[in-house]
K.L.:
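Got a structure for you, questions after.
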Amino acid sequence: MLDLKFIRENPEVVRKGLRNKNAADIVDNVLKIDEERRSLIVKAEELKSKRNQVSTQIPQLKKTGKDTTEIFAEMKRVGDEIALLDNNLRKLEEELEDTLLYTPNLAHESVPVGKSAEENVEARQWLPESFSFENDFKVLDHIELGKKLGILDFERGTKISGPGFPLYMGKGATLERALINFMLDSHLNEHAYSEVFPPVLVNKESMKGTGQIPKMEEDMYFIEKDGLYPIPTAEVPITNIHRNEILPGKKLTIKYVGYSPCFRREAGSYGKESKGFLRVHQFNKVEMVKFSKPENSYDELESMVKDAEDILQALKIPYRILLLCTGDLSFSAAKCYDIETWSPAENRWLEASSCSNFESFQARRANIRFKREESKKTEFVHTLNGSGLATSRLMVSLLENYQTPEGKVIVPKVLHKYTGFEVIS
RNA sequence: GGAAAGGUGGCAGAGUGGCUGAAUGCGGCGGUCUCGAAAACCGUUUCCCGAAAUUUUCGGGACGGGGGUUCGAAUCCCCCCCUUUCCGCCA
């Protein structure tokens with residue numbers, strides 16, 4: 001959620017920022033409602049002040065036996081008018097809140113302005129030693145390879161649940177588990193995150209806090225009977241750990257990492273990219289979440305990207321980093337890096353991670369604040385999160401990059417102690 | 001799922017219609033004392049919104065959430081949420 005005061009004081013900045021993000025211009029509307037709102041507040045508060053004054057005198061009057069009928073009648077009218085004003089005020093505030101909840105975050109000034117994904121900027125690439133984009137044998141894609149090796153069974157996954165629900169078998173299941181454990185251990189031991197294991201069904205307030213609803217409600221699963229949403233990412237429960245809290249400034253930056261399955265409806269995205277692991281309704285992800293002071297959040301974003309990169313470098317999987325342009329940034333993000341891993345069979349890069357700074361956008365929605373040690377002032381924290389990483393796309397790159405001409409898959413060395421085997425054949 | 005009790009400041013816990021943003025205790029912070037510490041004593045200790053002035057003054061609001069009664073609600077009534085205990089069910 002954008003800061004109402006900021007909109008009031010910087011209407012042109014907001015207008016331009018929204019345009020860059022391909023979003024509707026709500027500035028005039030917001031300013032108009034806000035002005036009306038404040039004038040109502042002034043009127044209502046004058047009356048309340050009067051009511052309070054009179055109220056303190058009433059016990060005295062009663063004690064001295066004065067007749068209060070006249071005053072009570074007058075105060076009744078005042079009370080009715082207050083109720084009326086408060087009612088109108090509530091309506092305006094609802095309208096304001098509604099508008100703001102549907103309005104995306106503005107991009108940071110370091111984000112390149114662009115219309116769509118084509119204008120994203122490649123920040124850097126990392127390729128393992130002796131890596132080549134050309135292969136001297138025909139690389140099987142992960143679907144065919146997974147089937148041949150008996151480690152992925154998309155048909156039976158579809159039978160059990162429907163398309164987009166992958167079923168891992170045998171060494172495929174073990175490899176998946178190994179990846180998750182390896183990533184968690186790395187972030188705990190090398191990068192000093194604390195581990196959490198969050199609930200995967202969350203309530204409406206939590207979804208609102210991180211920005212998935214109301215705007216993106218269509219993309220979310222929803223269990224009507226209990227009013228709960230299966231999470232699209234562990235970002236939701238982990239960020240909401242501190243909803244409605246004021247954190248001591250000295251505890252920041254707080255860094256959490258957690259594994260969770262993720263559920264996405266992916267409404268309307270069938271066809272393109274929907275084969276195998278490329279677009280699924282359920283996948284596994286290790287997620288990093290940070291709560292930081294505003295002045296540190298951009299350094300924290302860079303270090304979070306590095307934390308994700310460390311995983312890929314340890315696994316020796318080729319990747320590149322994209323800095324997303326304003327038009328491709330997600331609803332809540334102020335700045336975002338995507339990490340894409342190389343798929344030899346697809347002959348293209350696949351998004352395996354997304355690391356974003358939300359600045360105070362989520363914090364304002366979820367009411368997550370901190371108290372400065374020096375000034376004792378409370379301010380909104382900055383929240384960040386990043387995949388570290390999602391296993392599905394990673395698995396595609398891993399299987400494809402590590403396959404041999406004979407159709408086996410070598411297990412990356414760092415995973416051996418987690419898998420207990422070195423080759424899948 | 002059934003029954004009962006209960007939700008008040010960081011915590012414990014008073015208040016059951018009117019100077020109660022809220023007693024008291026603990027904790028926290030600052031000070032006195034001390035070479036230092038403890039003890040003791042003194043002081044201090046929530047958050048949101050608005051107006052004016054520019055980091056201060058004034059006003060309004062908040063006792064789980066929402067609505068109602070009333071001149072006036074932490075206090076009375078209704079709905080919802082949550083917690084605890086007992087019973088049932090259960091990995």
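Lettering follows sequence order; numbering is per chain, from 1.
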K.L.:
Could you give the distance separating B:C29 and B:G10 at their C1' atoms, to the nearest angstrom?
P.N.:
13 Å

K.L.:
Is a side-chain donor-acceptor pair under 3.5 Å present for A:Thr210 with A:Glu235?
P.N.:
no

K.L.:
Taking pairing as Watson-Crick or G-U wobble with both contacts under 3.5 Å, can you name the mate of B:A51, or confirm there isn't one?
P.N.:
B:U57

K.L.:
I need the CZ-P distance between A:Arg77 and B:G72, as an integer number of Å.
P.N.:
13 Å

K.L.:
Looking at A:Phe331 versus A:Phe361, is the centre-to-centre ring distance below 6.0 Å?
P.N.:
yes

K.L.:
Hey, does the side chain of A:Asn52 come within less than 4.0 Å of B:G72's phosphate (OP1/OP2), counting only N and O?
P.N.:
no

K.L.:
Closest-nucleotide mapping onto RNA chain B: is A:Ala73 or A:Ala44 further toward the 5' terminus? I mean the 5' end.
P.N.:
A:Ala44

K.L.:
Check whether more than 12 heavy atoms from other residues, nucleotides or ligands sit under 6.0 Å from atom CD of A:Glu70, and answer yes or no.
P.N.:
no

K.L.:
Side-chain N or O of A:Arg369 versus OP1/OP2 of B:C48: is the shortest distance under 4.0 Å?
P.N.:
yes

K.L.:
Is there a Watson-Crick or G-U wobble partner for B:A74 with both distances under 3.5 Å, and if so, which one is it?
P.N.:
none

K.L.:
Give the nucleotide from the list B:C49, B:G67, B:G72 with an atom nearest to the side chain of A:Arg51.
P.N.:
B:G72

K.L.:
A:Glu81 CD to B:C71 P: how many Å, rounded?
P.N.:
16 Å

K.L.:
As a test of reading the structure: which of B:G61, B:G50, B:C47 is closest to the side chain of A:Lys5, going by heavy atoms?
P.N.:
B:G50

K.L.:
With a non-hydrogen cut-off below 4.0 angstrom, is A:Thr56 in contact with a base, only sugar-phosphate, or nothing?
P.N.:
nothing

K.L.:
Nearest-nucleotide wise, let me know which of A:Ile41 and A:Ile71 is further upstream toward the 5' end of RNA chain B.
P.N.:
A:Ile41

K.L.:
In whole angstrom, give me the gap between the P atoms of B:G43 and B:G25.
P.N.:
12 Å

K.L.:
Please state the C1' separation for the pair B:G31 and B:U85 - nearest whole angstrom.
P.N.:
46 Å

K.L.:
Rounding to the closest angstrom, what is the interatomic distance between B:U44 and B:C49 at atom P?
P.N.:
26 Å

K.L.:
Just call it for A:Arg8: base, sugar-phosphate, or nothing, with non-hydrogen atoms closer than 4.0 Å on any strand.
P.N.:
sugar-phosphate

K.L.:
Using OP1 and OP2 only, check whether a side-chain N or O of A:Arg38 sits under 4.0 Å from B:A51.
P.N.:
yes

K.L.:
Using atom P of each nucleotide, how far apart are B:C19 and B:A74 to the nearest Å?
P.N.:
10 Å

K.L.:
To the side chain of A:Lys76, which of B:U70, B:G50, B:C47 is closest?
P.N.:
B:U70

K.L.:
Among B:G72, B:U70, B:C49, which is the nearest nucleotide to the side chain of A:Ser55?
P.N.:
B:G72

K.L.:
To the nearest angstrom, how far is A:Leu47 atom CG from B:G60 atom C1'?
P.N.:
11 Å

K.L.:
Out of B:A51, B:C71, B:G60, which has the shortest distance to the side chain of A:Val42?
P.N.:
B:A51

K.L.:
Return the pairing partner of B:G6 with a 3.5 Å limit on both distances, Watson-Crick or G-U wobble; otherwise return none.
P.N.:
B:C82

K.L.:
Looking at A:Thr378, I'd like to know whether one of its side-chain N or O atoms comes within less than 4.0 Å of OP1 or OP2 on B:C48.
P.N.:
yes

K.L.:
Write down the distance separating the P atoms in B:C79 and B:G15, rounded off to the nearest Å.
P.N.:
26 Å

K.L.:
Taking atom types as modelled, find out whether A:Ser292 and A:Glu300 have a side-chain donor-acceptor pair closer than 3.5 angstrom.
P.N.:
no

K.L.:
Judged by atom type as modelled, is there a donor-acceptor pair below 3.5 Å linking the side chain of A:Ser425 to the main-chain atoms of A:Lys408?
P.N.:
no

K.L.:
Please report the distance separating the C1' of B:G67 from the corresponding atom of B:A53, rounded so that it comes out in whole Å.
P.N.:
39 Å

K.L.:
Just how far, in rounded Å, is C1' of B:G28 from CD1 of A:Ile246?
P.N.:
15 Å

K.L.:
A:Lys377 NZ to B:U45 C1': how many Å, rounded?
P.N.:
17 Å

K.L.:
As a test of the definition: with a 90° window around 0 for syn, would you call B:U57 syn or anti?
P.N.:
anti

K.L.:
Which base, if any, makes a Watson-Crick or G-U wobble pair with B:U44, both distances under 3.5 Å?
P.N.:
B:G28

K.L.:
Over how many whole Å does the gap from A:Asp86 atom CG to B:G68 atom C1' extend?
P.N.:
15 Å

K.L.:
Using purine N1 to pyrimidine N3 plus N6-O4 or O6-N4 for Watson-Crick, or N1-O2 and O6-N3 for G-U wobble, both under 3.5 Å, which nucleotide pairs with B:G1?
P.N.:
B:C87

K.L.:
If the cut-off is 4.0 Å, is A:Arg37 near the phosphate of B:G50, judged by side-chain N/O to OP1 or OP2?
P.N.:
yes

K.L.:
Which nucleotide, in any strand shown, forms a Watson-Crick or G-U wobble pair with B:A22, with both distances under 3.5 Å?
P.N.:
none

K.L.:
Calculate the interatomic distance between A:Arg372 atom CZ and B:U55 atom C1'; express it in whole Å.
P.N.:
16 Å

K.L.:
With the side chain of A:Ile58 defined as its heavy atoms from C-beta on, choose the nearest nucleotide among B:G61, B:C48, B:C71.
P.N.:
B:C71

K.L.:
Nearest to the side chain of A:Lys371, which nucleotide is it out of B:G61, B:C49, B:C47?
P.N.:
B:C47

K.L.:
Taking atom types as modelled, is there a side-chain donor on A:Tyr229 or A:Glu217 under 3.5 Å from an acceptor on the other?
P.N.:
yes

K.L.:
Strictly by Watson-Crick or wobble contacts shorter than 3.5 Å, is anything paired with B:A37, and which nucleotide is it?
P.N.:
none

K.L.:
Which whole number of Å gives the distance between the P atom of B:G13 and that of B:U84?
P.N.:
15 Å

K.L.:
For A:Glu205 and B:C81, what is the distance between atoms CD and P respectively, to the nearest whole Å?
P.N.:
15 Å

K.L.:
Do you see a donor-acceptor pair shorter than 3.5 Å between the side chains of A:Glu359 and A:Asn105?
P.N.:
no

K.L.:
Is the distance between the ring centroids of A:Phe380 and A:Phe358 under 6.0 Å?
P.N.:
no

